[in-house]
Amino acid sequence: MEQYIIVKGARQHNLKNINIKIPKNKMVVITGPSGSGKSSLAFDTIYAEGQRRYVESLSAFARQFLGIQDKPDVDDISGLSPAISIEQKGISHNPRSTVGTVTEIYDYLRLLYGRAGVPYCHICGHEVHRYTVDEIVDLVLNKWKDRRLTILAPVVKGKKGEHKNLFLKLRQAGYVRVRVDGQVLWLEEEIALDKNRPHNIEVVLDRIKAHESRRDRLSEAVEKSFELAEGFVLFLIDEIEEELLTNKFVCPDCGISIPEIEPRLFSFNSPYGACPSCSGIGSYEYFSKEFAIDPERKVLEGAIIPWGKNHYMLRRLEAIAKKKGWNLDLPFKSLPKYVVEMVINGSNDRAPMTYREHGEEFTYMGRYEGLIPWLERRWRETESDNVKEELSKFRTEDICESCGGKRLRPEALAVKIAGYTIGDMVEMQVANLVNVVNKIRSEESKWEKVVRPVVEELLKRLSFLVDVGVGYLTLNRRADTLSGGESQRIHLATQIGSKLTGVLYVLDEPTIGLHSRDTNRLLKTLESIKDLGNSIIIVEHDREVMMAADHIIELGPEAGERGGEIVFEGSSDEIKNSCCLSARYLRGESSGVVFPPGNSRRKPKGYIKIYGAEENNLKSIDVSIPLGGLVCISGVSGSGKSTLLYEIIFKGIKKLIDSDFRARVGKHRTIEGYSQVQNVVLIDQSPIGRTPRSNPATYTGVFTHIREFYSMLPEAKLRGYSVGRFSFNVKGGRCEACKGEGVVRVPMLFMPDAYVTCEVCKGKRYNRETLEVKFKGKNITDVLDMTVDEACEFFKDIPKIEKKLSVIKEAGLGYIRLGQPAPTLSGGEAQRVKLATELAKQFRGSTLYLLDEPTTGLHYSDVKKLLLLLHRLVDQGNTVVAIEHNLDFIASCDYIVDLGPEGGDGGGYVVAVGMPEELAENERSYTGKYLSSFLGDIRGGRYLVS
């Protein structure tokens, strides 16, 4: 069998016709600067070809239902195994997708509860049990041995009426006695009942002594009772005690029927098991009056935000208020409660209302609908995406009150195993759930043959999640709330559980979001996958992962068109002796650390103080964020960093300084010192665009200035061209044959769609007339084809354009093309484009910038560029707060807030605060422990810093 994956002539994106030999059944790391072609080689060439070949092996009928990838631009790849890609981008945005469903652990839990669960009444909590005839007979003979029994069939329970027809049928069937409301009566006699009162009627089937010799009579009586009373039998013991038994899941006290206990009852994606109130989502969206009303303003002066000051609904409201004699000339918060209720929910009263048409005024008796009903109706009826987007600002999400966010119907949430419901299980941290499942394995001996195989599989899958460092997650955590790194590690754990061999796994920076403490755990997991006989290719920059690899490939020497070449390939020991870029960092001759100017930490210019933050797992903490510095929020995964940054700092401060900002802020007591900042900007990890129409020029806004400039050129003015003429997204100046895309899609039925260059515009996106407008001999298409470096020189005399371009260049992105499609940008490139966009905006100074792991996808050389940019931003009078695990970044900060000490329930505390040197001395902090070693190497001269 071939021992290598051999790639010949790879030219995908910026790859320079490279040839490479990758060893199989090894862990191979591909590294290099951001944009050097790592993802192009690993995902767009090797993985894409593996997927394409697998799909081509299927029938033509099957292929037409699959999303088939294009053939990558490569001459040949041999030795290729079936490939599985585990990327950061694979996060589901479906609210029904959870950690439990993604890992398939929830399917095993459903099976466990469907086969071994014990039902309880969700009203009274009484255990519900159903019996067979033999079980009832055994129970009676054991429990009431040698006692006198009366066996009754409860045919009527709490129903009004005279029931004459029932008595007649029973008499005709040969029965002699009935018990009515506790009194035994003969059917031969006339039984008169009050038709207006509810009655209980039981047929007396037999009177017997509970003895083994009477087993047949007892069994016959129980069977007859099940037939008459639809599955129920009532025993009267010594004329004193009563016991109601059934062959159905029905509560003996409440009489509530429980559906059949089977796996589908525990599926929130099935109508059979989903909570009827939220349809299994666990939450519901609604219009919030908090978001739609400004309590400080008057009703007719903009208090009702969706209506502003001149909306027709305000005229209706005014007419109703006039009829009622209400004074609306008060701040909304000062209005009486009954007026507020009417404004929000409407009134059925009618009042004279007027409208104008064709210059005439008409009067009619109209009704005021109310703010919330009006919003709901608009949301329901509109087909406009713009209107939906505008209305969504006033919507919020809350946990379903019926199921408490557990997604299932009450009957399903009342089924227990070892005292736990399935709702309890999915709300536990995975690390704690392992102990509970072990407890079930040891206690549930009755169902051992059913429980044991399911429990064994559950334990394996749960242990894999703990091993990859996400043991702090719960199974009901929505998949769309996971970070890219968390999502990737969950998929990794799922793949380990599959135990496939001979597979090629391609991973994209699995250490993202992972604290240094947990990297070793991840490496052990990867080793276990390799030991099964699989090949692993990882795009990665982490020192520990690179040193643990069997083989390293570095692409470069730089990024973009100056990259795409093989700079080094060999073992982790060999790379240290090479002259490639990564070698200097692995040898310790350089690092990504960039100390503040003057090599001393900046002194705070003030503080933003947060008191009592207790959203999610935060433990009512008080946090002080120093202003005028580079601040890092650190801590192990799941310690509460994202909650603090997004839910408290961003939303809390944004709402305080921007009256138009609408969002539910995380729970906290108060925030002080926010008046010291003029604006707060969040730069997260979301992509800049998902279609080829989005590119760095459009995202940063520089293309708007370029289009404006071209519309002001003499030739454009002569022809009467406006700014829109130079947009490839609207009609007028674009090529209509390809709708401004430059390529035309040709459907190929069961083969992948082919994209061919537009024959009309030759890929230039614009029509001939638009391209005749030129500046320095270059038309608008030529500008989009320029790199940022080229465009900076080209527009050096146009300050508005040059200023925006220079910021992109300073972010280390001078090599990317202005019109480069957004999907072709790497993760690091996309994040720096977003950062450059913010830096180019006008509000400089007193701005609070919030970043979420900005070193994602960055090589150490790129981390250094990023830090230089952030330090310069701070020097301009701003404050930067970033969530980070990268030690180079943490060591470069002025101040650190370390959360922990663990993830999930064990986190949410402030473990340590201070400068990196102070944190390194704190024995309680995991971050401090690793930082101490790292700073020791720097002080000892092992790492050179800027």
Side-chain angles (χ1 to χ4, degrees), residues 5 7 10 12-16 18 20-23 26-47 85-88 485 488 505-512 514 516 519 522-523 526 530 535-560 562-592 812 815 826-829 831-832 853 855-866 885-889 943:
I5 298 171
V7 180
Q12 190 74 6
H13 298 150
N14 66 333
L15 296 179
K16 301 294 194 302
I18 62 173
I20 193 160
K21 200 174 179 182
I22 301 173
K26 302 288 183 184
M27 187 164 77
V28 179
V29 167
I30 300 178
T31 189
S34 179
S36 60
K38 304 182 297 296
S39 296
S40 297
L41 174 61
F43 291 97
D44 301 328
T45 302
I46 297 174
Y47 167 69
S85 163
I86 307 177
E87 299 182 70
Q88 303 165 37
Q488 189 173 192
Y505 289 95
V506 187
L507 281 69
D508 187 8
E509 289 198 85
T511 60
I512 289 173
L514 199 61
S516 300
T519 303
L522 176 67
L523 288 171
L526 295 173
K530 185 183 76 173
S535 305
I536 304 174
I537 294 177
I538 312 174
V539 175
E540 188 57 89
H541 303 105
D542 185 82
R543 286 187 181 92
E544 288 185 62
V545 176
M546 289 169 70
M547 295 312 298
D550 301 306
H551 194 78
I552 298 177
I553 299 167
E554 176 156 336
L555 295 179
E558 296 182 42
R562 295 192 286 270
E565 299 176 11
I566 303 294
V567 176
F568 169 84
E569 58 175 318
S571 69
S572 54
D573 291 327
E574 291 170 341
I575 193 172
K576 288 183 179 180
N577 300 319
S578 74
C579 58
C580 67
L581 189 61
S582 298
R584 301 207 313 268
Y585 294 93
L586 295 175
R587 287 196 298 264
E589 293 174 2
S590 188
S591 76
Y815 60 88
S826 69
E829 288 168 337
Q831 190 136 6
R832 281 185 287 167
E853 294 197 66
T855 63
T856 297
L858 299 187
H859 190 269
Y860 293 106
S861 59
D862 299 309
V863 171
K864 185 176 289 187
K865 292 176 186 175
L866 173 70
H885 296 289
N886 184 292
L887 289 175
D888 297 73
F889 190 99
Y943 291 122

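Excluded from the calculations below are hydrogen atoms, water molecules and symmetry mates; all remaining heavy atoms, backbone and side chain alike, are included. Source: prediction; values computed, not measured.
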Residues which pass ring pair (Phe, Tyr, Trp, His ring centres under 6.0 Å) with His859, listed by chain and number, not counting sequence neighbours: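 Partners of His859 under the ring pair (Phe, Tyr, Trp, His ring centres under 6.0 Å) test: His541, Tyr585.
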Working to the nearest 0.5 angstrom, can you tell me the gap between [X] [atom1] and [Y] [atom2]?
{"X": "Ser578", "Y": "Asp573", "atom1": "OG", "atom2": "CG", "answer": "11.5 Å"}
{"X": "Cys580", "Y": "Ile575", "atom1": "SG", "atom2": "CD1", "answer": "4.0 Å"}
{"X": "Glu509", "Y": "Lys38", "atom1": "CD", "atom2": "NZ", "answer": "7.5 Å"}
{"X": "Lys26", "Y": "Ser571", "atom1": "NZ", "atom2": "OG", "answer": "11.5 Å"}
{"X": "Asn886", "Y": "Leu866", "atom1": "CG", "atom2": "CG", "answer": "9.5 Å"}
{"X": "Arg587", "Y": "Asn577", "atom1": "CZ", "atom2": "CG", "answer": "7.5 Å"}

side-chain contact (heavy atoms from CB on, under 4.5 Å) assessment of Leu41 paired with Ile18: CA-CA 9 Å; Leu41 174 61; Ile18 62 173; 4.2 Å; yes
Pick out which of Ile30, Val29, Ile553 makes a side chain to side chain contact (heavy atoms under 4.5 Å, CB included) with Ile537.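 Answer to the side chain to side chain contact (heavy atoms under 4.5 Å, CB included) test with Ile537 among Ile30, Val29, Ile553: Ile30.
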To check you understand the geometry: which heavy-atom pair defines the closest contact between [X] and [Y], and what is its length?
{"X": "Ser40", "Y": "Asn14", "result": "OG-OD1, 4.0 Å"}
{"X": "Ser572", "Y": "Ala549", "result": "OG-O, 3.7 Å"}
{"X": "Ala10", "Y": "Leu15", "result": "O-CB, 3.4 Å"}
{"X": "Tyr47", "Y": "Val506", "result": "CB-CG2, 4.1 Å"}
{"X": "Pro510", "Y": "Ile538", "result": "CD-CG2, 3.5 Å"}
{"X": "Pro33", "Y": "Pro557", "result": "CG-O, 3.8 Å"}

Does some side-chain heavy atom of [Y] sit less than 4.5 Å from a side-chain heavy atom of [X]?
{"X": "Leu555", "Y": "Ile566", "value": "yes"}
{"X": "Leu507", "Y": "Leu526", "value": "yes"}
{"X": "Leu523", "Y": "Val545", "value": "yes"}
{"X": "Met547", "Y": "Lys576", "value": "yes"}
{"X": "Ile46", "Y": "Ile22", "value": "yes"}

Can you check whether [Y]'s main-chain N or O pairs, donor with acceptor, with [X]'s side chain at less than 3.5 Å?
{"X": "Thr31", "Y": "Glu540", "value": "yes"}
{"X": "Lys530", "Y": "Ile536", "value": "no"}
{"X": "Glu554", "Y": "Ser582", "value": "yes"}
{"X": "Thr855", "Y": "Leu858", "value": "no"}

Listed partners of Asp888 passing side chain to side chain donor-acceptor pair (under 3.5 Å), at least two apart: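 Testing Asp888 for side chain to side chain donor-acceptor pair (under 3.5 Å), a comparison that skips the adjacent residues, returns Arg543.
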Show your reasoning for whether side-chain hydrogen bond (donor to acceptor under 3.5 Å, both in side chains) applies to Thr45 and Gln12. CA-CA 7 Å; Thr45 302; Gln12 190 74 6; 5.1 Å; no
